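Computed from a predicted structure; not experimentally measured.
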Amino acid sequence: MKKLLTALLFAPFLAFANGAELHLDKAPDVQGDKAALQNGAKLFVNYCLNCHGASYVRYNRLTELGLTEDQIKDNLMFTAEKIGEPMRVAIRSDEAKKWFGATPPDLSVIARSRASEFGSGADWLYTYLRSFYRDENRPTGWNNVVFENVGMPHILYELQGVQKLNAEHKLELVTPGKLSAAEYDKQVADLVGFLVWIGEPQAGFRKSLGLGVLAFLAVLFVLAYALKREYWKDVH
């Protein structure tokens with residue numbers, strides 16, 4: 001019985017130790033850059049919203065990024081008619097499952113769900129979108145170092161170019177895309193930044209409010225301690 005309890009106690013640590021280590025690149029933090037987030041929104045609508053929705057986010061939330069309702073309607077609304085509608089996908093789920101083998105997931109909270117002991121969800125997405133390579137054995141013709149045998153094709157290949165795995169199992173660019181490596185990384189950083197933002201649009205306010213509360217508690221502690229000393233000075 002004692003051995004069984006010991007085994008159950010250490011089972012999670014053994015599972016963690018046996019898991020494959022995942023090397024993730026650090027994603028740039030663009031949450032304070034509205035221009036970058038606006039560009040990320042444009043990339044999301046043009047490249048991702050064909051298959052992936054963000055149904056927990058309404059189009060009018062994008063005004064918080066500095067966009068006007070007219071700009072949103074004219075440039076970003078292709079699957080909705082009203083500014084208050086969610087960012088739903090146009091493709092039917094049954095058709096998507098037939099084409100890709102699985103229904104493409106909603107991306108509203110993808111940046112939060114991909115967080116792990118290896119890095120944040122933003123790190124995972126940033127590395128993933130830069131790690132596609134040609135694999136003729138896959139139905140889509142693409143594979144990914146971070147997500148092996150992924151069903152998703154490389155939707156940004158025109159921007160990045162075509163990569164392959166060389167003999168050392170490292171990615172190598174064989175056909176250049178429209179952008180340089182640095183330019184492509186910047187576009188991916190903006191897209192990932194937008195995915196992080198839609199996961200919690202009020203994250204900036206929450207963090208600033210938290211700092212304000214901590215500052216208030218620090219001042220309150222000083223005052224309370226001074227009051228305590230004043231009350232108890234004659235007792236001692």
Donor-acceptor contact present, side-chain [X] to main-chain [Y], <3.5 Å:
| X | Y | value |
| --- | --- | --- |
| E85 | E81 | yes |
| R58 | G84 | yes |
| D135 | G141 | no |
| Q31 | G193 | yes |

Exercise for the section: Report the hydrophobic cluster partners of Y225, with the cluster defined as I, L, V, M, F, W, Y residues connected by side-chain heavy atoms closer than 4.5 angstrom, directly or transitively. Expected result: none
If we only count heavy atoms from C-beta on, is the [X] to [Y] side-chain gap below 4.5 Å?
| X | Y | answer |
| --- | --- | --- |
| T63 | T68 | no |
| F44 | N39 | no |
| L179 | Q187 | yes |
| Y157 | F132 | no |
| L165 | V145 | yes |
| W142 | V150 | no |
| I110 | L125 | yes |

Is [Y] reachable from [X] through a run of hydrophobic residues whose side-chain heavy atoms are each under 4.5 Å from the next?
| X | Y | value |
| --- | --- | --- |
| L220 | Y231 | no |
| V109 | I198 | no |
| Y133 | Y126 | no |
| F221 | L227 | no |
| L43 | V57 | yes |

Exercise for the section: Before accepting this row, confirm whether a basic side-chain N of the pair E64/R61 lies closer than 4.0 Å to the acidic partner's carboxylate O. Expected result: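 The answer is yes: the pair qualifies as a salt bridge.
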Problem - Any side-chain donor near an acceptor of the partner, E69 and N60, under 3.5 Å - result: no
Would you compute the distance between atom [atom1] of [X] and atom [atom2] of [Y] and round it to the nearest 0.5 angstrom?
| X | Y | atom1 | atom2 | answer |
| --- | --- | --- | --- | --- |
| F205 | E200 | CZ | CD | 11.5 Å |
| F78 | M87 | CZ | CE | 10.5 Å |
| L24 | F118 | CG | CZ | 8.0 Å |
| L156 | C48 | CG | SG | 6.5 Å |
| I72 | L67 | CD1 | CG | 5.5 Å |

Exercise for the section: Using the side chain to side chain donor-acceptor pair (under 3.5 Å) rule, collect all pairs that involve residues 160-174, keeping only residues at least two apart or in two chains. Expected result: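 Sorted pair list: H154-Q160.
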Practice task
Please list all pairs passing the side chain to side chain donor-acceptor pair (under 3.5 Å) test where one or both residues lie in residues 45-55, with sequence neighbours left out.
Solution key: S55-D106
Exercise for the section: Please report the C-alpha distance between E183 and K178 in whole Å, then the side-chain angles of each, then the deciding distance to 0.1 Å, and finally whether the salt bridge (charged side-chain N to carboxylate O under 4.0 Å, His left out) criterion is met. Expected result: CA-CA 9 Å; E183 291 172 336; K178 295 180 179 179; over 6 Å; no
Problem - Contact summary for D25 and T127, nearest pair of heavy atoms - result: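 The pair with the smallest heavy-atom distance is N-OG1, 2.8 Å.
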